Amino acid sequence: MSLGIISAEQAAAIRGLTPQRSAPALPQPVGAPTIGYVLGAITVLVAMGWFLADRWEWLGAGGVLAVVVLYAALFVAVGGRLRREGFSTASGFAVLLAVAMVPIAVVALNELLQWFPATPAAGCRVQPMNVTADFSFWGCRGLEVTIELTTLLAALVGLRATRFPLLAAPIAALLLRGVFLVADGVLRGEVGRLSAAWVWAAGASLLVAGAYVLDRRQPEDEDYALWFHLVAAFAGVIATAILLNSFEQFRHLLVPAAFVAFTFSLRMRRFVWTLVGLGWFVTYLGWLAADVFKDTPFFPIVLAALGLGVIIATVWVQRNSAMLVARFGGLGGDARPAFPGGVGLLLLPALVAALQLPAARFADRELRRESAASMRMYGAMRARRDAEVRRARREATGQAVPSRRPETPPPRLP
């Protein structure tokens, strides 16, 4: 434009064809009002829990239901009034408290109407001695499913009414719990330790995919995806801990998993995945130092050289950050954060977990059989030990000790 080749209007039109890359909004500091709202909400929940736990039998199911419905209506009314007066955060916390009343109301209503058994049936949990116990999903998990679906529906309605991002936290937690309920129904109550690890992994994969979709679609001034990222990271850490404790060969996947976490964190601007990636990388180095190369004197030197190389590579990336951002960028064509592979790549761990579940179920059965055999052996050894202790006590006190075999009485003389 300064050379006189195009006019100012043409330059403005050309700039309009390029999507604007808006800078990420800086997180707002937590102020005193927010702290007060949180403390008040926690106090209300503790008071309600204490009251209901102490007075449930005295009130009865009908009384509990009446109290909970009254408080929920009060919270909704207060939330609406606060929202009309411009206190959106306080209104959101009031609605969150109303949502927290829903599970208690469902439990009380079930106690009145007897929809589902109050206690799980005998076959709900697979015992070590009985790996083929009968399993009725609705008899065993019907109340849980009803509670979680009702609470999820209430949270979604509250989120739509208030647009309070914190309501996304219980929604993410309930969705993760829903993954476990589905797995429990498919495996017929046989979700053991190894199966649970893959269910945790599948839940983390599904939640991070949902968080990615929210990141791409949510308004810039509202961050619902944050809570999905946090719950997904928590599930991923739990799955990692169980799998690494059970399968040593999976530890070699920690480095590529950490690289994916770092890439995802940089592209999506989510620091929580940086922490997860650092945890995976440090865990792998600790395993190498403590187990694999503990007797190798040159491993610390190699490790130090590797660390120095990482520092040099980081300096190079920092110096060429403008070029790297221009070439690879973290934004899609619509100026929103994007991740290579998108939802398909993020759902890949869920697919792997689904394929591993049958083998994990079989391994859990074997572990239960071994546990049952160990319990029987331990019980027999303890019974013999107790018998020997009782025999020793009788001998020490001079009491007659019954013989192991009944003696034949001597014949009587004529």
Side-chain angles (χ1 to χ4, degrees), residues 126 172-216 225 227-268 270 272-288 292 337-368:
V126 178
L174 289 172
L175 291 177
L176 177 61
R177 176 59 185 161
V179 176
F180 274 88
L181 289 176
V182 171
D184 201 46
V186 172
L187 300 182
R188 302 189 59 78
E190 296 188 44
V191 179
R193 180 169 59 90
L194 300 180
S195 303
W198 291 112
V199 177
W200 279 107
S205 175
L206 294 171
L207 284 177
V208 75
Y212 177 75
V213 173
L214 286 175
D215 269 321
R216 301 275 296 161
W227 304 101
F228 278 72
H229 283 291
L230 292 177
V231 177
F234 172 77
V237 170
I238 297 298
T240 301
I242 301 176
L243 289 175
L244 295 186
N245 189 43
S246 304
F247 305 101
E248 184 173 325
Q249 64 271 20
F250 286 165
R251 298 180 183 180
H252 295 292
L253 299 177
L254 286 174
V255 173
F259 176 76
V260 173
F262 291 145
T263 305
F264 187 75
S265 174
L266 293 174
R267 302 273 298 195
M268 304 304 298
R270 296 293 181 180
V272 61
W273 293 108
T274 301
L275 296 179
V276 173
L278 287 173
W280 286 341
F281 185 72
V282 172
T283 300
Y284 183 72
L285 293 182
W287 173 63
L288 290 179
V292 180
F339 183 67
V343 176
L345 181 60
L346 296 175
L347 288 177
L348 183 60
L351 177 60
V352 174
L355 295 176
Q356 291 292 330
L357 273 179
R361 181 187 187 184
F362 177 78
D364 284 329
R365 285 182 176 180
E366 295 299 320
L367 289 176
R368 280 191 290 268

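For clarity, every value in this text was computed on a predicted model and none was experimentally measured. Note: hydrogens, waters and symmetry copies are ignored here, and every other heavy atom, side chains too, is used. Throughout, residue positions are numbered sequentially from 1 according to the sequence presented.
Under the 3.5 Å distance criterion, the side-chain polar atoms of T240 are matched with a main-chain donor or acceptor of G236. Side-chain atoms of T283 come within 3.5 Å of backbone atoms of G279 as a donor-acceptor pair (strictly under, hydrogens ignored). Under a 3.5 Å cut-off, the side chain of Y212 and the backbone N or O of F339 do form a donor-acceptor pair.
At least one side-chain heavy atom of F262 sits less than 4.5 Å from a side-chain heavy atom of L278. Under the 4.5 Å side-chain criterion, counting only non-hydrogen atoms from C-beta, L355 is not in contact with W198. Residues V182 and V199 are not in side-chain contact: their nearest non-hydrogen atoms beyond the backbone lie 4.5 Å or more apart. In this structure, W200 and V179 have side chains that are not in contact, with every pair of non-hydrogen atoms separated by 4.5 Å or more.
Ring pair W273/F264 is perpendicular by interplanar angle, where above 60° counts as perpendicular and below 30° as parallel.
The neighbour count for F247 CZ, taken as heavy atoms of other residues, nucleotides or ligands under 6.0 Å away, is above 12. With a 6.0 Å radius and a threshold of 12 heavy atoms from other residues, nucleotides or ligands, F259 has its CZ atom at or below the threshold. Heavy atoms from other residues, nucleotides or ligands lying under 6.0 Å from CZ of F234 number 12 at most.
L244 and R251 make their closest contact through O-NH2, 3.0 Å (heavy atoms, listed as atom of the first residue, atom of the second, distance). Among all heavy-atom pairs drawn from S205 and V208, the shortest one is O-CG1, 3.2 Å.
With rounding to the nearest 0.5 Å, the separation of CG in L206 from CZ in F228 is 11.0 Å.
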